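Notes to accompany the following structure.
Each chain gets a letter, A, B and so on, in the order the sequences are listed, and its residues count up from 1. All figures in this text were calculated on a predicted structure; none of them were measured in a lab.
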There are 2 protein chains.
Amino acid sequence: MTMKGTAERIIEAALQLISEKGYTAATTKTIAELAGVNEVTLFRHFGNKRGLLKAIIEQFSYYPLLQQEINQNMTWELEKDLLNISLKHFQFLMSIKDFVMIAFKESIQFPEISEEIANMPLLIKKELIHYFEEMYQQGKVREVDFEAAALSLIALNFGHFMSRARLGTIVSDIPTEELLQTSVAIFSRGLVS
Amino acid sequence: MTMKGTAERIIEAALQLISEKGYTAATTKTIAELAGVNEVTLFRHFGNKRGLLKAIIEQFSYYPLLQQEINQNMTWELEKDLLNISLKHFQFLMSIKDFVMIAFKESIQFPEISEEIANMPLLIKKELIHYFEEMYQQGKVREVDFEAAALSLIALNFGHFMSRARLGTIVSDIPTEELLQTSVAIFSRGLVS
DNA sequence: CTTTCATGCAAGTAATCACTTACATCCTAG
DNA sequence: CTAGGATGTAAGTGATTACTTGCATGAAAG
């Protein structure tokens, strides 16, 4: 069954080209070429260009949730846990980098993407607030606005991701893990009671 | 002299449309329409579509520097200064929001933009490192990797900006100033000696 | 062996793109 | 009042776009 492989290759090519050039500039012709597939095959699979984008969005709505992986491996040591979460968060963003880029490029034109991409920080926020509240009960973090704290850690990771994904090492050549480690060290020290 | 007003209106329209739809999808026709100008006038002013983008980039390369404003009003009280810097940084990003969006959308296709947009964090990083080093001399911050610390604060602000600029209040409806305040409070507490 | 189904290939559609040319109109500075 | 420069209008260019149609090919399944 070559069909599955073909559709997947088209989606991969579209993912790459749309994330690089944007939806309009990534033509069906170039997508088909990159996929090593005839242009008509693209239309036979997805109907039209928008159907291809829809397929991309659907693929990532079923993406393995970061949420669950955060809940596991909790040691209830603030810095250790936050570093683990941050690393996972960063790696997760990197693994779906192309999709994130498309989402930020085309969110105004295709509102369906906005909902999809907003869902990620919302879920992580929920988990983090839950974690902070539990840690507060244990007397391990001081009293702050936990929602704001959660959003800050998310913003921190996302900012690092954007910088690395878009500008590479232009801004700094500190290794990512080192950067996140310092980043989380400061943040968690600001949270401990 | 109506010329200046016309060129400005075209640039404004282009800024809005390109940031919303991307370079390719923002057609010269729609840009001219939004500017309330005939399409040929656009070409008479900027030669071709790329010349229009070039004009946009040039406009922001002469943008008043955030750098200077940071250097002023230093109180050498960590949290107060960092909050001031963060607020200014955020407001600055918001004021050139459309340009930032274009930069992140088209940086792969037009590398000139990448350099322009990377310059901003580089300058702020330099100032922050300088500030942290001085504060360390004064015994007011503990010893950390100051570059990583600077990058973290920048990532923090940029992350908040991206969230608000792109997703609005979907993720959270905490007022921006309140969010930044908590954000900086945690961060600066993690830095003090 | 034959049928079926995914794909390739060739050709063509109408629409839209960036961009040009020629000429009319208007405002303003001299 | 007049000359020049900025703008509008009209019409059109070739290139490219998303998308379609008809037919050939090839491999796999019954």
Side-chain angles (χ1 to χ4, degrees), chain A residues 1-59 98 102 105-113, chain B residues 1-59 98 102 105-113:
Chain A
M1 210 179 273
T2 35
M3 181 202 142
K4 263 195 178 177
T6 304
E8 271 170 14
R9 260 172 29 237
I10 294 174
I11 286 183
E12 266 177 40
L15 209 44
Q16 180 185 326
L17 286 176
I18 297 178
S19 78
E20 278 175 10
K21 310 188 189 178
Y23 179 78
T24 309
T27 66
T28 52
K29 192 182 175 185
T30 57
I31 293 172
E33 267 174 17
L34 184 63
V37 151
N38 196 280
E39 194 182 358
V40 286
T41 305
L42 187 154
F43 289 102
R44 286 198 267 243
H45 271 277
F46 305 100
N48 52 37
K49 197 183 178 184
R50 186 123 189 188
L52 177 53
L53 183 66
K54 201 178 164 188
I56 289 176
I57 299 174
E58 269 170 16
Q59 174 176 308
D98 284 347
I102 292 178
K105 276 183 198 218
E106 318 293 345
S107 61
I108 292 183
Q109 296 206 84
F110 307 99
E112 324 103 79
I113 308 188
Chain B
M1 208 179 274
T2 36
M3 181 202 142
K4 263 195 176 175
T6 304
E8 271 170 13
R9 260 171 30 237
I10 294 174
I11 286 183
E12 266 177 42
L15 208 45
Q16 180 186 325
L17 285 176
I18 298 178
S19 77
E20 277 176 10
K21 311 186 188 178
Y23 179 78
T24 310
T27 66
T28 52
K29 191 180 173 186
T30 58
I31 292 173
E33 267 174 16
L34 185 63
V37 150
N38 196 281
E39 194 182 358
V40 286
T41 305
L42 188 152
F43 289 101
R44 285 197 267 243
H45 271 277
F46 304 100
N48 52 38
K49 196 183 179 184
R50 186 122 188 189
L52 177 54
L53 183 66
K54 202 178 165 189
I56 290 177
I57 300 173
E58 270 170 16
Q59 175 176 309
D98 284 348
I102 291 178
K105 277 183 196 215
E106 318 293 346
S107 62
I108 292 183
Q109 296 206 84
F110 307 99
E112 324 105 77
I113 308 188

Grab the [atom1]-[atom2] distance between [X] and [N] for me, whole Å please.
| X | N | atom1 | atom2 | answer |
| --- | --- | --- | --- | --- |
| Phe43(A) | dC9(C) | CZ | C1' | 16 Å |
| Glu39(A) | dT17(D) | CD | P | 9 Å |
| Lys29(B) | dT16(C) | NZ | P | 7 Å |
| Asn38(B) | dA11(D) | CG | C1' | 12 Å |
| Lys21(A) | dC17(C) | NZ | P | 18 Å |
| Phe46(B) | dC19(C) | CZ | P | 13 Å |
| Leu17(B) | dA18(C) | CG | P | 12 Å |
| Ile31(B) | dC19(C) | CD1 | C1' | 14 Å |

Nearest to the side chain of [X], which nucleotide is it out of [options]?
| X | options | result |
| --- | --- | --- |
| Thr41(A) | dC19(C), dG8(C), dT20(D) | dG8(C) |
| His45(B) | dT7(D), dT7(C), dC19(C) | dT7(D) |
| Val40(A) | dA10(C), dC19(C), dT20(C) | dA10(C) |

Closer than 4.0 Å, any side-chain N/O of Thr6(A) to the OP1 or OP2 of dA6(C)?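 For dA6(C), OP1/OP2 do not have a side-chain N/O of Thr6(A) under 4.0 Å.
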Polar side-chain atom of [X] near backbone of [Y] as donor-acceptor pair, under 3.5 Å:
| X | Y | result |
| --- | --- | --- |
| Lys105(A) | Glu20(A) | yes |
| Lys21(A) | Gln109(B) | no |
| Lys54(A) | Phe46(A) | no |

For Val37(A), which contact category applies under a 4.0 Å heavy-atom criterion: base, sugar-phosphate, or nothing?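 Sugar-phosphate, no base atom in range.
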Looking at every strand, decide which applies to Gly36(A) at a 4.0 Å heavy-atom threshold: base, sugar-phosphate, or nothing.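 Answer is sugar-phosphate: Gly36(A) comes under 4.0 Å of backbone atoms only.
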When only distance counts, do a donor and an acceptor, one from the side chain of Arg44(B) and one from the base of dG5(D), lie under 3.5 Å apart?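 In this structure, the two groups form no donor-acceptor pair.
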Student check: side-chain heavy atoms of Thr28(B) and Leu52(B) closer than 4.5 Å: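 Not touching, per the 4.5 Å side-chain cut-off.
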Arg50(B) versus Tyr23(B): any side-chain heavy-atom pair under 4.5 Å?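 Side-chain contact under 4.5 Å: yes.
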